[in-house]
Structures are given as structure tokens and as C-alpha cells.
Protein chains: 2
Amino acid sequence: MILGNQVEWALHCMTVLARMPEETLVSSKVLAEFHGVPKEYLSKAMQALAAAGLVHTQLGPRGGYSLSRPANKISMLDIVEAVEGDKKTFNCQEIRRNNPCTNLKTVKLPVCNIAAVMYQADNAWRDVLRKKKLSDVIADLKEIVPRPVLDKSLDWVLGKS
Amino acid sequence: MILGNQVEWALHCMTVLARMPEETLVSSKVLAEFHGVPKEYLSKAMQALAAAGLVHTQLGPRGGYSLSRPANKISMLDIVEAVEGDKKTFNCQEIRRNNPCTNLKTVKLPVCNIAAVMYQADNAWRDVLRKKKLSDVIADLKEIVPRPVLDKSLDWVLGKS
DNA sequence: TTTATCACGGACAAATTGTATCCTTAATTT
DNA sequence: AAATTAAGGATACAATTTGTCCGTGATAAA
Ligand code: FES
Ligand code: FES
């Protein structure tokens, strides 16, 4: 039960976009180089973000991505689900129906109580991510990353855009 | 980020063991038949539970598994981690170190703030499972499953043990 | 208008992980 | 001694993840 790397990539890309001045577009090439990951593959993650409506895309030369709404209206859950899908982490196969001494194959049953707990855990996980907005992430970033590094990074990306 | 079926199997097997009278052993053959899953493969999950010290095993004819401690001392997290491992659901690859305009390759850094939130979510997930004891699961079971079904199942397993 | 740059998206390939079977060994009961 | 059971290694197959390649269409700059 491990999240793919795409999630880490997408989250970091979104923090980059969130720090850009309004109307600035960043191409997947620049995002890929900045994070040291394969451009074509990162592009898939960006497409997922675009499909989820989290980023706006612009084709053509000097095209790229920008946030489609303010960073305080985008949660980490939005990003994770855009890339990873919204399937639950626990997949109940209804093995209780295989019970050989009853005939539960067709009967309607309430959700299995074991699955219910797993879903509850899944929801607790999602709640944390839902409450954390991209704007909060940026705020945290400014706490732990030295200002010069932050500024240099921003300039680097802007210089390529 | 999906848990394997082994987790569902292991959880259900543990509820079966928890309902057995003291000193009763249940073989993997019976557990497999009861849940309608391949015996050899289920056996791997049971080995994991044994390795984690959650069940006691007995070799030889009429051997099998039993809980190694009371059901209120075993949490769902114990079971899930025994089967699935205790790796975090989010695997930070430290892509921030690839930043081309700084040299972070070797520097010591505090944990990335993005990873920190993911770990926090991971912990929230684990907390729910940690708080739910196997004994609670049995109690829930008695709420939602009709008594006759419960009794018949117990008798079926006992009859094979 | 031409050219270069970009996102999009399909097809494909490689690597990793999940699912499942088989078979040998050792322990234990009958 | 014979039958039964868990342990565990080897292996095969399927599914998913990770990554590459290339063609298409949009668009801005020359
Ligand atoms: S039947 Fe799926 S968790 Fe119980
Ligand atoms: S570097 Fe891994 S989450 Fe930030």
C-alpha cells in the first residue's frame, strides 16, 4: 500500500506553481528539470491535474501550466486524488459470502464491519489531506527552507519561463 | 495505494480464531475453505501473522493456529502491519534535492514539509486501526450478523478442528 | 506564412509488485 | 511407521507502475 512517485512529483509541482506570480506559465520541461524527473512521465501527472481542473494549461510556445484557482482553494487531497484516483485504500472482496455453511451469495448485506473500520481509517487519512490547503503548504515551506534558497529557486524557474 | 487481499483474509481469519474456544487450533486448510481462498496462498499470510507473534502455531496432525494473546490485546493495526509491512504509505524520494540551482545533495535537511503532512495522514490512518481491537471487531460482528449464522459458522469450523 | 515550441494522448517496453502453485523439509499425532 | 500439518523456497503468471517514443494539433514568435 504505497503511493506512487507521481504523487510526490505532483505535490511539489503544485507548490512551484503556487509560488509563481499571476499569469505566469511553467512548462513541464522546466518542472521536470527542476525536480530531476523524466519530463514525459511527469507530463502524465500534469495531465491528470489538468483533467481534475486543478491547473490551467496553455498550448504553444511559452505555454505551460498555472493554477486554475487560488492556492487556499486547493487541498492536498485534491492533488493526491487527481493523480492517484479516488479508489479506497481497502478493497473489500466480500469473502464473507464464501462462507460454506450459509448461503450469502445473493442476500443483501450491510457493509462488513471489518471493511467499515478500514473505510473509517481511509477517511481519517483523507481528512488530514483535505484540511491541508496548498496555501498552508507554502506557508510551511517558508518556515523550513532558508529564504535565499527559496528566492533562488523562484528566480531559476522564472528565468526559464 | 491499495491494500492487498491478504489483509482482508488475515483480518477475517483472526476474527475466526478469536471466536474459538481456548486451546482450539484451526488449520490453514479449514480457514481457506471457510473463506473460499487458495490454501497455499493464505498460508503465507498466516505465516506473516505467526512471524509477528500474533498467532501461535502447532505442527503435526490436528495442528493449526490459535491466537497468541487475548483479542483485546490485538489491534487491527497489528494485523495489517504483520501482513502488509510497516512501510509508510508515502515514500518520499527527496526530489527536492534535485533542485538544480542549489546544492542540497549532501546537506542535512529537516523532513520535507510536504512529506510531513503525508506522514501525518498516514498516522491518522494508523491511529484508527490501532484503537480498534480484535475484541471490538467481534463485538461489532455480533451486532450485524444474525445469531444463527454466527453459531452455524462456529460449529462448522469446530466440526473440522 | 513559416517555423519552433508546447500540451495532448496513444502505443509500447521495462521493471516491479501482487497473486498463486508446487514441492521439499521438519515436527507431531495416531 | 504412517499420515498430517506448518514452514519456506522456487517458480510462474498477472497486474500495476514506471518510463519512452512519436504523431497530432494549438499557438506564439520570426
Ligand atoms: S467481507 Fe470484505 S472485509 Fe469483510
Ligand atoms: S522531497 Fe519528498 S515530499 Fe518533498
Inset, instruction - Please state whether the rings of A/Tyr41 and A/Trp9 are parallel, tilted or perpendicular, taking 30° and 60° as the class boundaries. - result: perpendicular
Legend entry - Phosphate-side-chain proximity, A/Thr57 and C/dC8, N/O vs OP1/OP2 below 4.0 Å: yes
Legend entry - Distance, rounded to the nearest Å, where A/Glu40 contributes CD and D/dC21 contributes P: 8 Å
Legend entry - More than 12 heavy atoms of other groups within 6.0 Å of B/Arg69 CZ: yes
Inset, instruction - Check whether any side-chain heavy atom of B/Met76 sits under 4.5 Å from a side-chain heavy atom of B/Leu134, and report yes or no. - result: no
Inset, instruction - Tell me which nucleotide among D/dA28, D/dT18, C/dG9 gets nearest to the side chain of A/Gln58. - result: D/dA28
Inset, instruction - From the options C/dT19, D/dA28, D/dT20, select the nucleotide whose nearest atom is closest to the side chain of A/Pro61. - result: D/dA28
Inset, instruction - Select one nucleotide: of C/dA26, C/dC8, C/dT21, the one nearest the side-chain heavy atoms of A/Ala50. - result: C/dC8
Legend entry - A/Asn5 CG to D/dG19 P, straight-line distance once rounded to whole Å: 6 Å
Legend entry - Near-strand residues of residues 17-39 of chain A, defined as heavy-atom separation under 4.0 angstrom from DNA chain D: A/Pro38
Inset, instruction - Indicate yes or no: does B/Glu81 engage B/Arg126 in a salt bridge with an N to O separation below 4.0 Å. - result: yes
Legend entry - Nearest-neighbour nucleotide for the A/Leu59 side chain, D/dT5, D/dG25, D/dC22 considered: D/dG25
Inset, instruction - Give a yes or no on whether a donor-acceptor pair under 3.5 Å exists between the nucleobase atoms of C/dG10, that is its base, and the side chain of A/Lys44. - result: yes
